[in-house]
Amino acid sequence: MEITKARFIGSATNVAGKPKTKLPEFAFIGRSNVGKSSLINMLCNNGELAKTSSKPGKTVLINHFLINEAWYIVDLPGYGYANRSKTEKEQITRVINDYLYNSEELEMLFVLLDSRLPIQKIDLDFINELGKRGIPFCIVFTKGDKLGINILSSMIEKNKKTLLEYWEELPPVFATSSQTKMGRKEIIDYIYKILELIK
Ligand code: GTP
Ligand code: MG
């Protein structure tokens, strides 16, 4: 399958503000600046679709993109951006949690991790909370182009090991780059496999 059509539908601060047309949703989350919006643009072959920035904290709302007139990609704000006021942090956490805990259409959450870094405590806490709440998720390593292929695979193996200290088995893991389009086909195929299953 291929993404042939992608368009921005709207932004919301909570589940009540989601688009009126209910369709399966595939959402992207991760620390601020990890590359969520860039990955969405890469998947959609459209550099302008989701707003990106070299400064963390760009995405602050729940953004819905309608794909092939059949399902949504959802761009979420990043968690863990230090340079915000307490009120702003609480507001962002509310937006994220309201979406994650109350979104009946959420089929899969892609949790993005920077492939250059050992997995951070904030990511582990976030992932473990998903487990407790039974939210279906998989793992996406981003910015793979910034590492050589050998270092990339050893970083991913190391991070998988860390996750296996908490989990008996791992969900699917994708290595990606928004620059080289690494992992694009794998993620789109995976989404279509899920869409087939729930048809
Ligand atoms: P927030 O919305 O602020 O939470 O950030 P985000 O996770 O949406 O990150 P965004 O896509 O805006 O990317 C952050 C920065 O990382 C930008 O400068 C991107 O160009 C860069 N970036 C994202 N993905 C990649 C990648 O795969 N490779 C490289 N080299 N840079 C990337
Ligand atoms: Mg963003």
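Both counts, for ligands and for their atoms, begin at 1 and track the order of listing. Just so you know, these numbers come straight off a predicted model, no measurement behind them.
At a 4.0 Å cut-off, not a single heavy atom of T142 sits close enough to ligand 1 to count as contact. Residue contacts with ligand 1 include S53, since one of its heavy atoms falls under 4.0 Å from the ligand.
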- Message: If you apply the rule side-chain contact (heavy atoms from CB on, under 4.5 Å), what do you find for E69 with R7, and how did you get there?
- Response: CA-CA 9 Å; E69 306 290 339; R7 63 191 166 96; 3.3 Å; yes

- Tell me, with the steps shown, if Y192 and W71 meet ring pair (Phe, Tyr, Trp, His ring centres under 6.0 Å). CA-CA 10 Å; Y192 270 96; W71 50 280; 5.7 Å; yes

- Query: How far apart are the C-alpha atoms of I62 and T13, what are their side-chain angles, what is the distance that settles it, and do they pass the side-chain contact (heavy atoms from CB on, under 4.5 Å) test?
  - Reply: CA-CA 6 Å; I62 304 163; T13 51; over 6 Å; no

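Using a 4.0 Å cut-off to heavy atoms of S177, the atoms of ligand 1 that qualify are 27 (O). Here is the list of ligand 1 atoms found below 4.0 Å of a heavy atom in G78: 4 (O). The S32 neighbourhood of ligand 1 comprises atoms 1 (P), 3 (O), 4 (O), with distances under 4.0 Å to a heavy atom of that residue.
Looking at T59, N63, T52 one by one, the single match for side-chain hydrogen bond (donor to acceptor under 3.5 Å, both in side chains) with S37 turns out to be T59.
Among K58, K181, K36, the residue whose heavy atom lies closest to atom 4 (O) of ligand 1 is K36. If you check each of K143, K55, M182 against atom 16 (O) of ligand 1, the one with the closest non-hydrogen atom is K143.
Put simply, S37 gets within reach of the Mg ion (ligand 2), with an N, O or S atom under 2.8 Å from it. Within the 2.8 Å limit, S53 places no N, O or S atom next to the Mg ion (ligand 2).
A donor-acceptor contact shorter than 3.5 Å links the side chain of N102 to the backbone of D98. Of the possible polar contacts, one joining the N14 side chain to the A16 backbone as a donor-acceptor pair under 3.5 Å is found. Side chain of R184 to main chain of M42: a donor-acceptor pair is present (N/O by atom type, distance under 3.5 Å, no hydrogens or angles). Not one N or O on the side chain of T176 forms a donor-acceptor pair closer than 3.5 Å with the backbone of G183. Checked by atom type and distance alone, the side chain of K22 pairs as donor or acceptor with a backbone atom of P19 at under 3.5 Å.
Closest to atom 27 (O) of ligand 1 among all protein heavy atoms lies S178 N, 2.7 Å. Scanning the protein for heavy atoms near atom 9 (O) of ligand 1, the closest one is G35 N, 3.2 Å. Closest to atom 28 (N) of ligand 1 among all protein heavy atoms lies D145 OD1, 2.7 Å. Among protein heavy atoms, the minimum distance from atom 18 (O) of ligand 1 is reached at S54 CA, 3.3 Å. At the shortest separation from atom 14 (C) of ligand 1 among protein heavy atoms lies N33 OD1, 3.0 Å. Considering only non-hydrogen protein atoms, atom 31 (N) of ligand 1 sits nearest to K146 CE, 3.9 Å.
Contact annotation for T59 and ligand 1: heavy atoms of both the backbone and the side chain come within less than 4.0 Å of the ligand. When heavy-atom distances to ligand 1 are checked against a 4.0 Å cut-off, M42 has no atom that comes that close, whether in backbone or side chain. Proximity of P56 to ligand 1, defined as any heavy-atom pair under 4.0 Å, is confined to the backbone N, CA, C and O atoms.
Taken to the nearest 0.5 Å, the CG atom of D189 stands 9.5 Å off from the CD atom of E2.
Checking only distances, T176 never comes within under 3.5 Å of ligand 1, N or O to N or O. Between S38 and ligand 1, a contact under 3.5 Å exists for at least one N or O pair. Remark: ligand 1 and V34 share an N or O pair separated by less than 3.5 Å (distance only, no angle test). Taking any N or O of P77, backbone or side chain, none lies under 3.5 Å from an N or O belonging to ligand 1.
Open room surrounds CD1 on I151; 12 or fewer heavy atoms of other groups in view lie less than 6.0 Å from it. With a 6.0 Å radius and a threshold of 12 heavy atoms from other residues, nucleotides or ligands, K86 has its NZ atom at or below the threshold.
A cation-pi arrangement is found for R133 relative to Y101, the charged atom lying closer than 6.0 Å to the ring centre and inside a 45° cone about the ring normal.
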